[in-house]
Protein chains: 6
Amino acid sequence: MNDPFFHPVSGFELPRFAGVPTFMRLPLVQPGHDRFGDVDVGLIGVPWDSGTTNRPGPRHGPRQMRDASTMIRAQHLLSGVRPFEAMNCADLGDVGPNPADIRDSMDRITAFYRQVVGAGIRPLTAGGDHLTTLPVLRAVAADGPLGLIHFDSHTDLYHSYFNGQMYTHGTPFRRAVEEGLLDPRRMVQIGIRGTQYDGEDLDFAKAEGIRVITIDEFHARGPEDVMTEAREIVGAAPTYVSYDIDFVDPAFAPGTGTPEVGGPNSYQALQVVRGLKGVQIVGADVVEVSPPFDQSGATAYLAVSIMFEMLCVMA
Amino acid sequence: MNDPFFHPVSGFELPRFAGVPTFMRLPLVQPGHDRFGDVDVGLIGVPWDSGTTNRPGPRHGPRQMRDASTMIRAQHLLSGVRPFEAMNCADLGDVGPNPADIRDSMDRITAFYRQVVGAGIRPLTAGGDHLTTLPVLRAVAADGPLGLIHFDSHTDLYHSYFNGQMYTHGTPFRRAVEEGLLDPRRMVQIGIRGTQYDGEDLDFAKAEGIRVITIDEFHARGPEDVMTEAREIVGAAPTYVSYDIDFVDPAFAPGTGTPEVGGPNSYQALQVVRGLKGVQIVGADVVEVSPPFDQSGATAYLAVSIMFEMLCVMA
Amino acid sequence: MNDPFFHPVSGFELPRFAGVPTFMRLPLVQPGHDRFGDVDVGLIGVPWDSGTTNRPGPRHGPRQMRDASTMIRAQHLLSGVRPFEAMNCADLGDVGPNPADIRDSMDRITAFYRQVVGAGIRPLTAGGDHLTTLPVLRAVAADGPLGLIHFDSHTDLYHSYFNGQMYTHGTPFRRAVEEGLLDPRRMVQIGIRGTQYDGEDLDFAKAEGIRVITIDEFHARGPEDVMTEAREIVGAAPTYVSYDIDFVDPAFAPGTGTPEVGGPNSYQALQVVRGLKGVQIVGADVVEVSPPFDQSGATAYLAVSIMFEMLCVMA
Amino acid sequence: MNDPFFHPVSGFELPRFAGVPTFMRLPLVQPGHDRFGDVDVGLIGVPWDSGTTNRPGPRHGPRQMRDASTMIRAQHLLSGVRPFEAMNCADLGDVGPNPADIRDSMDRITAFYRQVVGAGIRPLTAGGDHLTTLPVLRAVAADGPLGLIHFDSHTDLYHSYFNGQMYTHGTPFRRAVEEGLLDPRRMVQIGIRGTQYDGEDLDFAKAEGIRVITIDEFHARGPEDVMTEAREIVGAAPTYVSYDIDFVDPAFAPGTGTPEVGGPNSYQALQVVRGLKGVQIVGADVVEVSPPFDQSGATAYLAVSIMFEMLCVMA
Amino acid sequence: MNDPFFHPVSGFELPRFAGVPTFMRLPLVQPGHDRFGDVDVGLIGVPWDSGTTNRPGPRHGPRQMRDASTMIRAQHLLSGVRPFEAMNCADLGDVGPNPADIRDSMDRITAFYRQVVGAGIRPLTAGGDHLTTLPVLRAVAADGPLGLIHFDSHTDLYHSYFNGQMYTHGTPFRRAVEEGLLDPRRMVQIGIRGTQYDGEDLDFAKAEGIRVITIDEFHARGPEDVMTEAREIVGAAPTYVSYDIDFVDPAFAPGTGTPEVGGPNSYQALQVVRGLKGVQIVGADVVEVSPPFDQSGATAYLAVSIMFEMLCVMA
Amino acid sequence: MNDPFFHPVSGFELPRFAGVPTFMRLPLVQPGHDRFGDVDVGLIGVPWDSGTTNRPGPRHGPRQMRDASTMIRAQHLLSGVRPFEAMNCADLGDVGPNPADIRDSMDRITAFYRQVVGAGIRPLTAGGDHLTTLPVLRAVAADGPLGLIHFDSHTDLYHSYFNGQMYTHGTPFRRAVEEGLLDPRRMVQIGIRGTQYDGEDLDFAKAEGIRVITIDEFHARGPEDVMTEAREIVGAAPTYVSYDIDFVDPAFAPGTGTPEVGGPNSYQALQVVRGLKGVQIVGADVVEVSPPFDQSGATAYLAVSIMFEMLCVMA
């Protein structure tokens, strides 16, 4: 532990705008690299948006998030945690998708994550649209269904779209439950809001025992109370964390394809991650950052700030 | 009721980015259309900003709001209300203004709304600057003064601008009171803030008995308490609702001409509309969306989300 | 002919920023409409970009092009042509794609265009990415291979991408030749430039007898000389015209996914269309307008200006 | 002459981004100032767009043009002319319009310019929409009709808009001819293009003997040849120069309300001004810069570069 | 007092978008002006960003803030304070920096402020990056160390950057304490957050007795409680107020170089200034507004709204 | 030669939006890497803008240029040159500047380039502002003065700024001549335009025998004729090529700090590089790309397209 090889480049040595941008200025350790086996937490990009039914763009997410992430420094202000000393973190590069074939892309993603998981690395993913989570779970949940803490404005529990399309960014958690990758009784979805096609997704949640916390309940109870319940739901067993950036209000995160107004602010966006402390996180992702809808990079900067908070609770 | 002719096109059939954009993907039923008489609530655009004293642009509002509105789905998440089944809703098209003549434009607007009201249709208007409300009220308040719930950062109660200009977007409610279209003792203005020329508007409000709730009071009491008072003020009699998008903080609604910082967030922006439940709404508007100051469409999307909430309380 | 039903709304009656935006303010006459059979030229949107290998967005093209097209007036300044009086033009609406299935989408497009062609309507398409042209040609070239005048910075003649993907926006003309929809000896591609993967596309062109005019030749000879040759290549037989907006230099058309610098300016972009006069055009398209990369609408406005020029030479 | 009081602040003394921005960093000498009578050329802002029939915004033009103008230095590279030493130039401030009353605004403008002309000052105006030119001409042409060299993509010679509106930015030169402010036989309009409502404006031009040079003729002949003819048309008598920024192609000048593609590039935009050398210029303007459509300021910078070229030919 | 010379131009006389923009439309009274001695509060621009270690731009801040400030009117809505009548306020112009020499620039700034302070004028500064505060304090704290209320997301208490650079925007308050310009026991820093290089700055604060209120404490206690403590810390003695715009959440103030998510909203941004009432303010600044990162001007408008609140508590 | 290690990643294998962005998807081979000695041409970023006197930003240039460069493919369309097979090309990373110390930064740059030159690598630099060229030349011209072909809108030959600042982006070539790094009689500057402070730079050029080709001469003669002369001026001896992106018209390259209108278009921007064929290029740079002024990346894409053309003539 605390291996200097895995320390990020400091802004006091090389200004933060300089250098080839890896995630948080960490070393690039792709599969095959001789230090791959020493990585504890791997930051991975999945530049892919073939599951997007409305406004595309998340395929450009990892690039912009790497760029913004060079603004992240080494230490958490409040807790004093220095995650890059507590764990060996590295940028594992991008999984190359096949933009023209959804199933081939999913297979490529799962294969990559099997390598990662096989090497004992916990993956922290920068998407990509939310369909990304499904092929990741196929690798991460190889040993049985996981718990899920899911931040989002949508349940992504729909059965299908457009005459039976089973694999879109509106269906990954339905599939994951059906495939036995997630345990519905250990699932909680937080921040759900916006208009609906119908109640088919909520009916499924109810039938399976998935806990849905709407934005109204979230605002009424506050982040800390909600996260206490979330921790209880997933318990001590292995849990995956999935964070759709559209959980956050679009004023704070405009760069996304399906925004819904009335969401949490950026402070609450961080608070809920701090509330993950104690959860046994076996993998996590931040998805749906869509650079074409926020060229300023503000959304990406919020996303990587969330990733840094995740690292601190994983440390 | 629940006439399929009046159902919006579903995003499961035609993707939400496709098709000629009408308000909320409703049928276009302009005066003269054979289903005009069957409409319960009519969504109307007034692309006009001749009353604007500072930064122009609301003439482009209806176009951008129609575009954003194709993101709206069929059902309210919390209440389960499906307004397009509860009422026959339709896009009635735009009132064509005369950009070079304020009085001619006002006459055109009033004439259009007389047709609407005459057909028993409740109008839900997408402005246009706030002067729009005056000619609308001339039609809607034909049977006597109405109550008013008015969300805004400005009172729009000034006597005149620039050496006696009586018709600007800073004067409509002064005129409406003078013309007997509104009952000042059944008027409430919520969210008032920003710097002032002087206190002339507040003096008028006080003299007439108009209730002004400043943003400080709003933040101190919260949306629910404020809306309880608002409902009491207007009572059970017919009431008009006017929503200036600059009521909302400019971080959430940058696309407007006279922003004032320190306003409500987007969740509160929706909450106040939900607080209208039970009010006898005879007409409503959302005004001052100015696309040149927010090409991203985020402001327009918030505005149509507000319109959807209005439909749910009108249902 | 010169049927008032098919006249666009004048900006002298209704300001150009007002009204529900159809293409060029023409009537919306979708299949099934009782005037469908009277249409001579149909303007059609194909909001689809599943063939895009790099930066997505053209699925939003038709919406933005309709918006910009309300700036188009009735008469060509130089020729005096009034296309909307010379031919019955109408907006036929959008073909609804299936964003998650390329082949299903292509079938839907072909089916729609068969209706159009079957009704004797010449289609003028607003894409969509360039793969759009393939399913359109499957309908339009039903009676045998067509000639092609193709403006682009890329040949779109590649065999496949990413391990054998045959249907992307880089392959439509290869497929169309293979399927017998185009006669390679009556094909000309104008404006080709940018860096290349390799010469595989040019080798195919050479082998098949497709004439490729690079941007260097274009700039050296000028638009008029080039278009004289183009007319000779296609001759008097039926010809399709396909215009990728990335033919134009990105300073004039930034809103596209695969820009290449060093292209024609906007005047030359129009000149080449005027050079189509005399060609027997059985269908035409303008594709690859990607609104997320140009929210200002300037690219869309150029695209619809090109469509207007096309109408004038089709009249 | 060469009075240091009238020298602009040098960027070698105070960086060009510093200081309260006056036009070209010249002294602010409003009417009443004790050096007003010593001014030779006065730069005046007219922040007004009430004549705009489509996209508003030029009311913000002078502010943005002053900002951009602090990038202008003291000397012309080619000719070596130093206009601020050759003539006493000053910023005369803005004419305050009445945004809600077209006729009152026109009267205010004319009154201001009468003061200017009365003091022997030649006005160089930063608009404002093109209707601005009419009230300016009412002051400048007090001694009889002037010649006009007019750069634009539109003739602005229409009779009226919207049921008889006589004063819009599409009518100023029709009115000016009717009012005897311009001699139609000494008028030339350069760069005319775009689609037309009808030919009513060109018919008027033809009937009155106004020379219209379309963009096609302009591109075919080139700026020098065209300007030679322009100088012959206006001859040696007093002449006004009016430059609508939409003369230039929108890739170079996107910040305007009624762009037309296919125009001159920025080099030609300057060349035509250099071609004014020898003309007896009694006043000039650059109009239709609309900052909401180009927040980058590039259009404004081009506009003030044109104004600098104008100063050099007036010197 | 209440001298009409020092009244801002009213928007009822001259529209707010018109005129050469001085701060809040106040008279420009630079040193040497005959009314300089009558000024009570001087608004000063320092267009300088040589201390910026990451994203530059604040050199353009004063220009954009002047532009936005013409939206500010004369009276505070709640308190009714009319600061421009209570005190003689004026725009004192910009201090001209030397962009290529940090020490020379600091000397120029200090010299300018000595003139200001020497004339009995309280300075209200529009920066500029945060290093600006150091040379200002060298003039303002001439009579002994001041108290400091400091709003920021960073402590700016670092010892040095990049191998010993002592003067950057991350070090001004360290230097000011070392130079005896500030009394550390009368210093409070509010809003501190974001990732850290290390804890060196907080160690210094602790050692010197500087009170640091992190954003978590701020959100937990609320603005009023925090400001009560802040007033107690500085007590009745002379105090300087320094407001880094990155104190505010970047959704409300995106135009800054080192944003940190999770900050206060715009209402809280104003509330804390109102909480300064009673403090003996001898000078204040608002710094780090960086126009290249917010061309919309929203950040600048928030910044000048904060300046107006400051004027009201200084009145 | 043609070593697969030095081949860029193909877009057919990994989509062009995927992966950590190095220049043109080349391997990252920083000093110390075991293949450093095998590099023929090294692409180097210098993220530095301390010499900027007006609008800052080029410190962000290399990051954005790397991002855009992943759009570049392997082969030149016209010549068929495949530079990455003809030479071993690599990304050598960024030189870390000291943003707060000009001289220290220059020393760091020179030291880095001495390593590069010492290893027999020809440097191709992505700036950075134009002062970058001076410390680069101190390394590259170690063996005696070089010839220079310089594309720019400014001569950058000024003596000093702001009371004697000798090192700014307006002075590098004056210094380089004085230091004997360049042979003035083998220097040519192309594209010079814009307003001037005075003629001091041109006087120096004339006195030293530096050939200055203004933009007027450039437009009159055309790129090919101008480049023929340029090649004659530098002859067969070692020559450096410096390309300021503001050489190109700002419509094509808006992302720069000191734009000048009236420049070449993007095709001419490439043509002049092709005209370097045969020149003995010992180093080259593209400077002054300023991302804050063009977040779209279009300027950066043009810049890297120019770099690709440079590689083709260096091959």
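What you are looking at is a predicted structure, and each value in this text was computed from that prediction instead of being measured. Protein chains get the first letters and strands the later ones, always in sequence-line order, with residue 1 at the start of each.
Scanning all heavy atoms of the two residues, the minimum distance from E:F17 to D:P99 falls at CZ-CG, 4.1 Å. Shown here for D:R16 and E:R63, the closest heavy-atom pair between the two residues is O-NH2, 3.3 Å. For the residue pair D:E13 and E:R108, the shortest heavy atom distance occurs at O-NH1, 4.4 Å.
Two residues are said to be in side-chain contact when any heavy atoms from C-beta on lie closer than 4.5 Å; D:D67 and E:D67 fail this criterion.
Interface remark: of the candidates E:P97, E:P62, E:G45, E:P97 forms the most heavy-atom pairs closer than 4.5 Å to chain D. Counting heavy-atom pairs under 4.5 Å between each of E:T70, E:L14, E:L28, E:V95 and chain D puts E:T70 at the top. For the set E:Q64, E:H60, E:Q295, the entry with the most heavy-atom pairs within less than 4.5 Å of chain D is E:Q295. Top candidate by heavy-atom pairs under 4.5 Å with chain E, chosen from D:G19, D:G297, D:G96, D:G93, is D:G19.
For E:R35, the CZ atom is densely surrounded, since the number of other residues' heavy atoms within 6.0 Å is greater than 12.
Within the 4.5 angstrom heavy-atom criterion, no atom of D:N98 approaches chain E. With a 4.5 angstrom heavy-atom cutoff, E:P21 touches chain D via backbone and side-chain atoms both.
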